[in-house]
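Step one of this worksheet: look at the structure below.
In this text the structure is predicted, and so the values were computed from the model without any measurement. Naming convention: chains lettered A, B, ... in sequence-line order (proteins, then strands); numbering from 1 in each chain. All values below were derived from every heavy atom in this structure, side-chain atoms included, with hydrogens, water molecules and symmetry-related copies excluded.
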Protein chains: 2
Amino acid sequence: MNIEPELCRVEDTLDVLVGKWKPIILLYLLKNGTMRFNELKKSIPDITQKMLTKQLRELEEEEIINRVVYPQVPPKVEYSITEYGKELEPILHAMHEWSNRHIQQKQKNQMKK
Amino acid sequence: MNIEPELCRVEDTLDVLVGKWKPIILLYLLKNGTMRFNELKKSIPDITQKMLTKQLRELEEEEIINRVVYPQVPPKVEYSITEYGKELEPILHAMHEWSNRHIQQKQKNQMKK
DNA sequence: CGGCATCCCTTTTGATACTG
DNA sequence: CAGTATCAAAAGGGATGCCG
(Lines give C-alpha, C1' and ligand atoms only; values in the text may rest on other atoms or scores of the structure.)
Protein backbone atom coordinates (compact mmCIF):
# COMPACT_ATOMS: atom_id res chain seq x y z
CA MET A 1 0.00 0.00 0.00
CA ASN A 2 1.19 3.44 -0.82
CA ILE A 3 0.86 6.69 1.01
CA GLU A 4 -0.54 9.33 -1.28
CA PRO A 5 2.19 11.95 -1.28
CA GLU A 6 -0.34 14.75 -1.25
CA LEU A 7 -1.85 13.42 1.94
CA CYS A 8 1.45 12.65 3.52
CA ARG A 9 1.77 13.14 7.27
CA VAL A 10 5.33 11.96 7.48
CA GLU A 11 6.51 15.50 7.75
CA ASP A 12 4.37 16.04 10.83
CA THR A 13 6.06 13.19 12.61
CA LEU A 14 9.42 14.51 11.54
CA ASP A 15 8.46 17.87 12.98
CA VAL A 16 7.94 16.16 16.29
CA LEU A 17 11.17 14.21 16.20
CA VAL A 18 13.45 16.75 14.64
CA GLY A 19 15.24 19.30 16.68
CA LYS A 20 18.71 17.88 16.85
CA TRP A 21 18.27 16.61 20.41
CA LYS A 22 14.75 15.27 20.58
CA PRO A 23 15.43 11.64 19.76
CA ILE A 24 18.13 11.34 22.37
CA ILE A 25 15.96 13.04 24.97
CA LEU A 26 13.15 10.62 24.21
CA LEU A 27 15.45 7.63 24.37
CA TYR A 28 16.70 8.66 27.77
CA LEU A 29 13.20 9.15 29.08
CA LEU A 30 12.06 5.84 27.60
CA LYS A 31 14.98 4.13 29.29
CA ASN A 32 14.89 5.82 32.66
CA GLY A 33 11.23 6.69 33.09
CA THR A 34 11.22 9.95 34.97
CA MET A 35 14.13 12.35 34.90
CA ARG A 36 14.88 15.75 36.31
CA PHE A 37 16.12 18.61 34.22
CA ASN A 38 19.68 18.34 35.44
CA GLU A 39 19.79 14.60 35.00
CA LEU A 40 19.00 15.10 31.37
CA LYS A 41 21.53 17.88 31.14
CA LYS A 42 24.25 15.65 32.57
CA SER A 43 23.28 12.76 30.33
CA ILE A 44 23.61 14.91 27.24
CA PRO A 45 26.72 16.96 27.94
CA ASP A 46 26.84 18.78 24.61
CA ILE A 47 23.41 20.28 24.85
CA THR A 48 23.10 23.81 26.17
CA GLN A 49 20.58 24.71 28.81
CA LYS A 50 18.74 26.85 26.36
CA MET A 51 18.42 24.07 23.83
CA LEU A 52 17.36 21.51 26.42
CA THR A 53 14.66 23.83 27.69
CA LYS A 54 13.48 24.58 24.20
CA GLN A 55 13.33 20.99 23.06
CA LEU A 56 11.52 19.92 26.21
CA ARG A 57 8.96 22.67 25.76
CA GLU A 58 8.31 21.60 22.21
CA LEU A 59 7.90 17.96 23.19
CA GLU A 60 5.58 19.02 25.96
CA GLU A 61 3.56 21.11 23.55
CA GLU A 62 3.05 18.06 21.35
CA GLU A 63 2.07 16.06 24.41
CA ILE A 64 4.89 13.61 23.94
CA ILE A 65 6.22 14.25 27.42
CA ASN A 66 4.85 15.29 30.81
CA ARG A 67 6.37 18.13 32.76
CA VAL A 68 5.74 18.17 36.50
CA VAL A 69 6.88 21.11 38.60
CA TYR A 70 7.27 20.66 42.33
CA PRO A 71 6.68 24.05 43.97
CA GLN A 72 9.59 24.04 46.38
CA VAL A 73 12.98 25.61 46.90
CA PRO A 74 15.19 24.67 45.22
CA PRO A 75 12.88 23.94 42.31
CA LYS A 76 12.39 20.41 41.07
CA VAL A 77 11.03 19.59 37.65
CA GLU A 78 10.47 16.09 36.38
CA TYR A 79 9.96 14.93 32.85
CA SER A 80 8.49 11.67 31.61
CA ILE A 81 7.05 10.24 28.43
CA THR A 82 3.29 10.19 27.96
CA GLU A 83 1.55 6.93 27.13
CA TYR A 84 0.94 8.39 23.80
CA GLY A 85 4.57 9.38 23.30
CA LYS A 86 5.55 5.78 23.92
CA GLU A 87 3.98 4.91 20.62
CA LEU A 88 6.94 6.58 19.01
CA GLU A 89 9.27 3.93 20.34
CA PRO A 90 8.84 1.44 17.49
CA ILE A 91 9.55 4.21 15.04
CA LEU A 92 12.72 5.19 16.84
CA HIS A 93 13.70 1.54 16.81
CA ALA A 94 13.08 1.16 13.13
CA MET A 95 15.16 4.21 12.40
CA HIS A 96 17.96 2.94 14.58
CA GLU A 97 18.04 -0.38 12.78
CA TRP A 98 17.78 1.09 9.34
CA SER A 99 20.68 3.32 10.12
CA ASN A 100 22.84 0.41 11.19
CA ARG A 101 22.17 -1.23 7.84
CA HIS A 102 22.87 2.11 6.19
CA ILE A 103 26.31 2.28 7.73
CA GLN A 104 27.20 -1.20 6.57
CA GLN A 105 25.92 -0.49 3.11
CA LYS A 106 28.06 2.58 2.82
CA GLN A 107 31.13 0.74 4.02
CA LYS A 108 30.60 -1.93 1.37
CA ASN A 109 30.36 0.69 -1.29
CA GLN A 110 33.46 2.38 -0.04
CA MET A 111 35.44 -0.82 -0.53
CA LYS A 112 34.36 -1.07 -4.15
CA LYS A 113 36.11 2.19 -4.87
CA MET B 1 14.29 -3.78 24.36
CA ASN B 2 15.80 -0.39 24.65
CA ILE B 3 18.17 1.49 22.46
CA GLU B 4 21.09 2.75 24.48
CA PRO B 5 20.84 6.49 24.03
CA GLU B 6 24.60 6.81 23.75
CA LEU B 7 24.65 4.41 20.85
CA CYS B 8 21.64 5.87 19.19
CA ARG B 9 21.57 5.93 15.41
CA VAL B 10 18.15 7.46 15.12
CA GLU B 11 19.71 10.79 14.36
CA ASP B 12 21.50 9.34 11.35
CA THR B 13 18.23 8.20 9.85
CA LEU B 14 16.74 11.58 10.56
CA ASP B 15 19.66 13.17 8.75
CA VAL B 16 18.70 11.16 5.72
CA LEU B 17 15.01 11.94 5.93
CA VAL B 18 15.15 15.50 7.04
CA GLY B 19 15.45 18.30 4.58
CA LYS B 20 11.95 19.62 4.41
CA TRP B 21 11.23 17.99 1.06
CA LYS B 22 12.88 14.61 1.23
CA PRO B 23 9.96 12.56 2.51
CA ILE B 24 7.63 13.84 -0.15
CA ILE B 25 10.21 13.26 -2.86
CA LEU B 26 10.68 9.70 -1.64
CA LEU B 27 6.94 9.08 -1.49
CA TYR B 28 6.52 10.22 -5.07
CA LEU B 29 9.34 8.03 -6.25
CA LEU B 30 8.02 5.07 -4.28
CA LYS B 31 4.63 5.58 -5.85
CA ASN B 32 5.64 6.29 -9.41
CA GLY B 33 8.86 4.38 -9.79
CA THR B 34 10.97 6.46 -12.11
CA MET B 35 10.45 10.19 -12.50
CA ARG B 36 12.13 12.98 -14.41
CA PHE B 37 13.27 16.17 -12.79
CA ASN B 38 10.38 18.21 -14.11
CA GLU B 39 7.82 15.62 -13.15
CA LEU B 40 8.96 15.94 -9.59
CA LYS B 41 9.00 19.70 -9.87
CA LYS B 42 5.41 19.74 -11.10
CA SER B 43 4.31 17.29 -8.43
CA ILE B 44 5.72 19.47 -5.69
CA PRO B 45 4.74 22.98 -6.77
CA ASP B 46 6.13 24.83 -3.77
CA ILE B 47 9.65 23.55 -4.08
CA THR B 48 12.17 25.72 -5.86
CA GLN B 49 14.43 24.33 -8.53
CA LYS B 50 17.40 24.94 -6.33
CA MET B 51 15.92 23.05 -3.41
CA LEU B 52 14.82 20.14 -5.54
CA THR B 53 18.28 19.83 -7.01
CA LYS B 54 19.89 20.03 -3.62
CA GLN B 55 17.63 17.49 -1.95
CA LEU B 56 18.04 15.06 -4.83
CA ARG B 57 21.81 15.38 -4.66
CA GLU B 58 21.77 14.64 -0.97
CA LEU B 59 19.55 11.60 -1.38
CA GLU B 60 21.79 10.41 -4.18
CA GLU B 61 24.84 10.88 -1.98
CA GLU B 62 23.28 8.60 0.63
CA GLU B 63 22.46 6.09 -2.08
CA ILE B 64 18.76 6.31 -1.40
CA ILE B 65 18.01 7.22 -4.98
CA ASN B 66 19.50 6.59 -8.43
CA ARG B 67 20.19 9.39 -10.83
CA VAL B 68 20.47 8.51 -14.50
CA VAL B 69 21.47 11.12 -17.05
CA TYR B 70 20.66 10.57 -20.70
CA PRO B 71 23.25 12.41 -22.76
CA GLN B 72 20.96 14.03 -25.27
CA VAL B 73 19.49 17.38 -26.18
CA PRO B 74 17.30 18.39 -24.49
CA PRO B 75 18.69 16.73 -21.39
CA LYS B 76 16.80 13.98 -19.65
CA VAL B 77 17.47 12.94 -16.09
CA GLU B 78 15.59 10.21 -14.32
CA TYR B 79 15.38 9.51 -10.63
CA SER B 80 14.34 6.32 -8.87
CA ILE B 81 14.64 4.72 -5.47
CA THR B 82 17.38 2.20 -4.84
CA GLU B 83 16.50 -1.24 -3.49
CA TYR B 84 18.14 -0.16 -0.36
CA GLY B 85 16.17 3.08 -0.18
CA LYS B 86 12.99 1.06 -0.37
CA GLU B 87 13.74 -0.21 3.09
CA LEU B 88 12.77 3.22 4.33
CA GLU B 89 9.19 2.69 3.23
CA PRO B 90 7.98 0.96 6.41
CA ILE B 91 9.45 3.77 8.44
CA LEU B 92 7.70 6.39 6.36
CA HIS B 93 4.49 4.42 6.80
CA ALA B 94 4.86 4.19 10.53
CA MET B 95 5.44 7.91 10.77
CA HIS B 96 2.43 8.61 8.63
CA GLU B 97 0.19 6.47 10.82
CA TRP B 98 1.56 7.80 14.06
CA SER B 99 0.91 11.29 12.86
CA ASN B 100 -2.69 10.53 12.05
CA ARG B 101 -3.18 9.31 15.60
CA HIS B 102 -1.34 12.40 16.78
CA ILE B 103 -3.80 14.68 15.05
CA GLN B 104 -6.78 12.92 16.58
CA GLN B 105 -5.21 12.99 19.99
CA LYS B 106 -4.65 16.72 19.78
CA GLN B 107 -8.19 17.33 18.66
CA LYS B 108 -9.53 15.39 21.63
CA ASN B 109 -7.45 17.45 23.97
CA GLN B 110 -8.63 20.62 22.31
CA MET B 111 -12.22 19.72 23.10
CA LYS B 112 -11.46 19.28 26.78
CA LYS B 113 -10.48 22.90 27.02
C1' DC C 1 17.69 24.28 40.41
C1' DG C 2 15.66 25.34 36.45
C1' DG C 3 14.91 28.38 33.94
C1' DC C 4 14.40 33.21 30.69
C1' DA C 5 16.52 37.27 27.99
C1' DT C 6 19.90 39.08 25.06
C1' DC C 7 23.32 39.15 21.62
C1' DC C 8 25.60 37.17 17.79
C1' DC C 9 27.04 33.92 14.43
C1' DT C 10 26.17 30.05 11.17
C1' DT C 11 23.31 27.35 8.32
C1' DT C 12 19.31 26.83 5.65
C1' DT C 13 16.09 28.37 2.47
C1' DG C 14 14.07 31.48 -1.00
C1' DA C 15 13.99 34.69 -5.32
C1' DT C 16 15.83 35.69 -9.32
C1' DA C 17 18.64 35.51 -13.31
C1' DC C 18 21.51 32.94 -16.38
C1' DT C 19 23.35 28.55 -19.20
C1' DG C 20 24.97 24.06 -21.81
C1' DC D 1 15.29 20.35 -19.75
C1' DA D 2 17.88 20.42 -15.96
C1' DG D 3 20.38 22.59 -13.90
C1' DT D 4 24.27 26.95 -11.68
C1' DA D 5 25.26 31.39 -9.63
C1' DT D 6 24.33 35.15 -6.80
C1' DC D 7 22.20 37.72 -3.37
C1' DA D 8 19.05 38.27 0.42
C1' DA D 9 16.06 36.62 4.16
C1' DA D 10 15.01 33.57 7.81
C1' DA D 11 15.72 30.01 10.93
C1' DG D 12 18.72 27.48 14.07
C1' DG D 13 21.94 27.35 17.59
C1' DG D 14 25.69 28.86 21.07
C1' DA D 15 27.56 32.03 24.92
C1' DT D 16 26.65 34.62 28.58
C1' DG D 17 24.23 36.88 32.36
C1' DC D 18 20.31 37.45 35.40
C1' DC D 19 16.39 35.66 38.39
C1' DG D 20 12.78 33.43 41.68
Side-chain angles (χ1 to χ4, degrees), chain A residues 5 8 10-26 28-29 32-62 64-81, chain B residues 5 8 10-26 28-29 32-62 64-81:
Chain A
C8 169
V10 171
E11 198 57 47
D12 299 299
T13 299
L14 286 175
D15 286 344
V16 171
L17 287 180
V18 168
K20 189 171 181 184
W21 305 100
K22 283 176 190 171
I24 195 168
I25 291 171
L26 292 176
Y28 271 112
L29 290 177
N32 297 335
T34 297
M35 291 178 83
R36 295 181 63 171
F37 184 88
N38 259 11
E39 284 186 272
L40 282 165
K41 179 77 181 67
K42 282 173 197 159
S43 301
I44 314 170
D46 286 349
I47 198 172
T48 60
Q49 235 170 355
K50 172 184 168 182
M51 275 297 106
L52 182 53
T53 301
K54 190 182 164 208
Q55 307 278 294
L56 288 169
R57 287 293 179 286
E58 290 172 10
L59 290 168
E60 187 193 359
E61 176 71 20
E62 295 300 325
I64 310 300
I65 64 172
N66 298 122
R67 177 171 183 264
V68 181
V69 180
Y70 295 84
Q72 61 184 47
V73 180
K76 177 176 163 184
V77 182
E78 285 185 342
Y79 295 92
S80 58
I81 302 236
Chain B
C8 169
V10 170
E11 199 56 48
D12 299 299
T13 299
L14 286 175
D15 286 344
V16 170
L17 287 179
V18 167
K20 189 169 181 183
W21 305 100
K22 282 174 189 172
I24 197 169
I25 291 172
L26 292 175
Y28 271 112
L29 290 176
N32 297 336
T34 297
M35 291 179 82
R36 296 182 63 173
F37 185 88
N38 257 13
E39 285 185 271
L40 281 165
K41 179 76 181 69
K42 282 173 197 159
S43 300
I44 314 170
D46 288 346
I47 199 171
T48 61
Q49 234 168 355
K50 173 184 167 182
M51 274 298 105
L52 182 53
T53 301
K54 189 183 164 210
Q55 307 278 294
L56 288 169
R57 287 291 179 288
E58 291 173 9
L59 290 169
E60 187 194 359
E61 176 70 20
E62 296 299 325
I64 310 300
I65 64 172
N66 297 123
R67 177 171 184 265
V68 180
V69 180
Y70 296 84
Q72 60 185 45
V73 179
K76 177 175 164 185
V77 182
E78 285 185 340
Y79 295 91
S80 58
I81 303 235

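Rounded to whole Å, the distance from NZ on A:Lys41 to P on C:dC4 is 15 Å. The interatomic distance linking A:Gln55 (CD) with D:dA11 (C1') rounds to 14 Å, in whole Å. Here D:dA5 presents its P atom at 15 Å from NZ of B:Lys54, a figure rounded to the nearest Å. Between the CE atom of A:Met51 and the P atom of C:dC9 there is a distance of 17 Å, given to the nearest Å. If you measure from atom CG of A:Leu40 to atom C1' of C:dG3, you get 14 Å, rounded to the nearest angstrom. Rounded to whole Å, atom P of C:dG14 lies 12 Å from atom CD1 of B:Ile44. Distance A:Asp15 CG to D:dG12 C1': 14 Å, rounded to the nearest Å. For the pair A:Gln72 CD and C:dG3 P, the computed distance is 13 Å after rounding to whole Å.
Annotation for B:Tyr79 and B:Arg57: closest pair OH-NH1, 3.6 Å, computed over non-hydrogen atoms. The shortest heavy-atom contact between A:Lys22 and A:Asp15 is NZ-O, 3.9 Å. In terms of heavy atoms, A:Trp21 sits closest to A:Gln55 at N-OE1, 3.5 Å. In this structure, A:Leu26 and A:Leu17 approach most closely via the heavy-atom pair CD1-CD2, 3.8 Å. Scanning both residues, B:Leu40 and B:Leu52, for their nearest heavy atoms gives CB-CD2, 4.1 Å. Across all their heavy atoms, A:Ile65 and A:Leu56 have their closest contact at CD1-O, 3.5 Å.
When atom types are taken as modelled, the side chain of A:Glu62 and the backbone of A:Leu59 share no donor-acceptor pair closer than 3.5 angstrom.
Axis deviation across the helix from C:dC1-D:dG20 to C:dG20-D:dC1 amounts to 50°, comparing end segments of five pairs, rounded to 10 degrees.
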Where do N or O atoms of nucleotides 1-4 of chain D meet protein N or O atoms at under 3.5 Å, pair by pair?
from	atom 1	to	atom 2	distance (Å)
D:dC1	O3'	B:Arg36	NH2	3.1
D:dC1	O3'	B:Pro75	O	3.2
D:dA2	OP1	B:Arg36	NE	3.0
D:dA2	OP1	B:Arg36	NH2	3.2
D:dA2	OP1	B:Val77	N	3.3
D:dA2	OP2	B:Asn38	N	2.9
D:dA2	N7	B:Gln49	NE2	3.4
D:dG3	OP1	B:Arg57	NH2	3.0
D:dG3	OP1	B:Arg67	NH2	2.4
D:dG3	OP2	B:Tyr79	OH	2.6
D:dG3	N7	B:Gln49	OE1	3.3
D:dG3	N7	B:Gln49	NE2	2.9
D:dG3	O6	B:Gln49	OE1	3.3
D:dT4	OP1	B:Arg57	NH2	3.4

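Considering only residues two or more places apart in sequence or on other chains, A:Lys54 meets the side chain to side chain contact (heavy atoms under 4.5 Å, CB included) condition with A:Met51, A:Glu58.
Interatomic distance, CD of A:Gln49 versus CG of A:Asn38, reported as 7.0 Å (0.5 Å rounding).
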